[in-house]
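Scroll down for the structure; my scribbles are underneath it.
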4 protein chains.
Amino acid sequence: MAYKRSALMQERLADNRERIVRAARKLIGAGGLREASINAVAAQAGLSTGALYRYFPSKAELFVEVLNDAVRNEVAILDAIVDGEGSAAQRLRAAVRSFAERALEGPHLAYAFIAEPADAEVDAARILCRQQFGNVFKRVLREGIARGEFPAQALDVSAACIVGAYTEALVRPTATQTRRGAGDARLVAEIVEFCARAVGAPLDAGGSGKHHAKTQRTPKRKTA
Amino acid sequence: MAYKRSALMQERLADNRERIVRAARKLIGAGGLREASINAVAAQAGLSTGALYRYFPSKAELFVEVLNDAVRNEVAILDAIVDGEGSAAQRLRAAVRSFAERALEGPHLAYAFIAEPADAEVDAARILCRQQFGNVFKRVLREGIARGEFPAQALDVSAACIVGAYTEALVRPTATQTRRGAGDARLVAEIVEFCARAVGAPLDAGGSGKHHAKTQRTPKRKTA
Amino acid sequence: MAYKRSALMQERLADNRERIVRAARKLIGAGGLREASINAVAAQAGLSTGALYRYFPSKAELFVEVLNDAVRNEVAILDAIVDGEGSAAQRLRAAVRSFAERALEGPHLAYAFIAEPADAEVDAARILCRQQFGNVFKRVLREGIARGEFPAQALDVSAACIVGAYTEALVRPTATQTRRGAGDARLVAEIVEFCARAVGAPLDAGGSGKHHAKTQRTPKRKTA
Amino acid sequence: MAYKRSALMQERLADNRERIVRAARKLIGAGGLREASINAVAAQAGLSTGALYRYFPSKAELFVEVLNDAVRNEVAILDAIVDGEGSAAQRLRAAVRSFAERALEGPHLAYAFIAEPADAEVDAARILCRQQFGNVFKRVLREGIARGEFPAQALDVSAACIVGAYTEALVRPTATQTRRGAGDARLVAEIVEFCARAVGAPLDAGGSGKHHAKTQRTPKRKTA
DNA sequence: CATGAATGAGAATTCATTCAT
DNA sequence: TATGAATGAATTCTCATTCAT
């Protein structure tokens, strides 16, 4: 209290936490959880290993935060889409499209969080995160069924299948090739239609949710 | 020192290789990749660690073989179904059902091969294996589209989506609960229908491919 | 930059030093040396870690001071007893009793200073401190021998043995149980008699030094 | 089974365990528990750190073994003395003498095991060990009291005090000086008499248990 | 050829001490 | 001068791989 903590320092501190998370995200994105040792993360963040432990009590908790962070972001975007206007089918399509497009931008990260467990603790968090994704889809499915847009179906199974479907479709090419390109648009469109058909949505009359997609699509992550 | 390599010895060698793979599969099935250390695998196989390295140059290569083995097995079963009789839709349903049912029986093995951390080499193999699964579905999709049973769609995307869909739907509950039970039948049925709808298959008139499922379903793995 | 070093500041400095020592003592008493990290001590003292290093050049030196402090306190009490009135035997008994009683009240502190791991520097201080205790007993022994109350014996050996005897007798139960209780009075009495016999004191006729014990016993430490 | 394990190899294995224990004992003896890091012990034993874990599951368990080893040795010797012939007083004197003499030979080791805890697990073992020493003295005390040689007294307290007394008397000089010398005989004799008086033993008529001491005294540790 | 003991490079985590602000 | 964030060496333990026997 005697000495004022300079604004610069305050910033540095908040910064460091963010830097660590970002460093972890970057490393995980680049090489999977395997490459993200505490030492590597600290180095990438420009800190010592000890410093890292000032911000996170354990590697597992850091990873859980990275995961939750990424998911919170995604879920917020999906929520906005799903709670928006239009038919359930339109919103479902827009949600799938939106998620798929962003996943294509951060390939390895998506992969790591979907298919590359580490610790029991992190694993548990991952399960929860996927359920969060699932919940978004459950909402729009429930509504669509109530409105008569979709046939009756098990919400949880369909929701999980949707998450799995685009996950797999995106992860596979992603894992091999690194360059993003022309095929992406088609890929996304096909995934969207797959999911739409899967839930029994009527054929898309006029552009697969472009209306919503236009406003919501692909916000950049605040931090790279 | 000059051992004749008798037929018996040749057999012994082939035997050992098989024992190692089996041992690895058993350990992975029981406790995931984490439980399958080289020492544990060797012990389970009744061999020394050194001997194991006579058959496999590295842990990664052993795991790749275990993976390929399991997949070859699955793919053979799926092939038989897909190349069998009935409409494309029936065969697609039967294939999904068959795979899902078997995955539910050996949860940890499925989980390990889908979602557990491993080194890059094993990961790469994983991708290839999933492509193999995808290829099976591509065949039946192509046929169905040609026959006019399914609408036009990107084969590779749909195939990947199918693999991803049931993978996710199966892995998630598997990761949490260990006991198989009453819900399984419903789960499988829902996954099957999700996939059927997704590819635009006509509604199942009369029992979701029971015909084929009856003859093909759930062959036990030859070895435990 | 040019601060007058006011009397108030001087006091503040002395104060801080004392606060640090007290904080360390409290933490050690509560949880042993292991709980008394530099950060914890600083926090407990309401100072920054950096500030702590203004008063003590190292952890070891701080602990040595804590140790010396505690011992100085004890030795003062023992001195008063030993230099008091009554036969040498009475005073010896009273001293042993007094020490034992206080040790039972602050078990962890006693234990820490007797038996916890520390670096070489602290260890060395420990030895010196025990010698200080020993010196008190040497004085009363010397006097008792001169008066013919005790038989001839090696002063230093007997003194050390006394310190060791009650140390051991006290530390052992302390390490296992935490609650102080009914057995304590008996324990103390037995230790007193053991030491009395050991130095060849005549049988206690009438109450094992209660006279002195009454006036001297168990002054509270000034600070908690 | 196919390949016979050479006698030489067998020996090496048994040897290694012993070498590790010896290495730990040596390091502890030389510099206390502080100096006995896993790496240091392994190096001293001429092994890698990994090898050490083939023989001991943890550092704590290694230390407990070193401790138990040393104590088992001591207790066996004390048992033989205490269960030998002669008056209880003679045997008590002989036991104290025997222990004290051996402790003077391995100063730091004794110190480490008496006054230098490390781990909760090791600590617990130490308490038990001291109780084992105590038990030996309890036996001879009980017998002496029954025979009317010693006055009534609390066995456990007296036993603990004896252990503490010679411990302290031996440890202190030991911690400071390293050279053993002329004073040792006197030191031991004084400790013996202190303990004898302490339990109320009659004056030693003729040489402080030389009879027994002559036959039992100071067997060398089998391994250095 | 088989054995399995030994290797040794990491991995996560802790904490006394320092030093920019 | 006080602060407390940052340092980084040290610790215990793991396990894929090797190699003397």
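Note that these values count all heavy atoms, side chains included, but never hydrogens, waters or copies made by symmetry. Within every chain, numbering begins at 1; the chains are lettered A, B, ... in the order of the sequence lines, protein sequences first and strands thereafter.
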Nearest 0.5 Å, please: how far is CD1 in B/Ile20 from CG in B/Leu62? 7.0 Å
Distance in angstrom units between C/Arg34 CZ and E/dC15 C1', rounded: 14 Å
D/Arg54 side-chain N/O to E/dG4 phosphate OP1/OP2 under 4.0 Å: no
In whole Å, I'd like the distance from the CD atom of C/Glu61 to the P atom of E/dA16. 15 Å
Residue pair B/Ala36/A/Leu52 against DNA chain F: nearer the 5' end by closest nucleotide is A/Leu52
Can you check the D/Phe56 CZ to F/dT14 C1' distance for me, whole Å? 18 Å
Positions of residues 37-44 of chain D (non-hydrogen atom under 4.0 Å from DNA chain E), listed by number: none
Report yes if a side-chain nitrogen or oxygen of B/Tyr53 is closer than 4.0 Å to either non-bridging phosphate oxygen (OP1 or OP2) of F/dC19; otherwise report no. no
Heavy atoms only: give me the nearest B/Val66-B/Ala24 pair and the separation to one decimal. CG2-CB, 3.7 Å
side-chain contact (heavy atoms from CB on, under 4.5 Å) against A/Ser48, all qualifying residues, sequence neighbours excluded: A/Ala51
Between F/dA2 (P) and C/Asp15 (CG): distance, integer Å: 13 Å
Could you tell me the separation between the CD1 atom of D/Ile20 and the P atom of E/dT7, rounded to a whole number of Å? 10 Å
For DNA chain F, whose closest nucleotide is more 5', that of B/Ala60 or that of C/Gly50? C/Gly50
Whole-Å distance, D/Tyr55 OH to F/dT14 C1', equals 17 Å
Nearest-Å distance, CG (D/Leu62) to P (F/dT11)? 15 Å
Roughly how far apart are C/Asp69 CG and C/Arg22 CZ, rounded to 0.5 Å? 10.5 Å
Nearest non-hydrogen partners of C/Asn68 and C/Cys129, listed with the distance: OD1-SG, 3.3 Å
Rounded to whole Å, please give me the gap between CG in D/Leu33 and P in F/dT12. 11 Å
Find the bend of the helix from E/dA2-F/dT21 to E/dT21-F/dA2 as the angle between its two terminal axes (five pairs each), to the nearest 10°. 20°
Interatomic distance, CD@B/Glu65 vs CZ@B/Arg72, rounded to 0.5 Å, equals 7.0 Å
Name the nucleic acid region contacted by A/Thr49, choosing base, sugar-phosphate or nothing; use a 4.0 angstrom heavy-atom cut-off, strictly under. base
Rounded distance [0.5 Å steps], CZ in A/Arg25 versus CD in A/Gln44: 12.0 Å
Hey, does D/Phe63 have a side-chain heavy atom less than 4.5 Å from the side chain of D/Ile28? yes
Residue that, paired with C/Leu52, satisfies side chain to side chain contact (heavy atoms under 4.5 Å, CB included) out of C/Leu47, C/Ile38, C/Asn16, C/Asn39: C/Ile38
For F/dT7, does OP1 or OP2 lie under 4.0 Å from any side-chain N or O of A/Ser48? yes
Pairwise 5' ranking along DNA chain E for A/Lys59 and A/Ala51, keeping only the more 5' one: A/Lys59
Quick one, A/Tyr55 and A/Val21 - any side-chain contact, counting heavy atoms below 4.5 Å? no
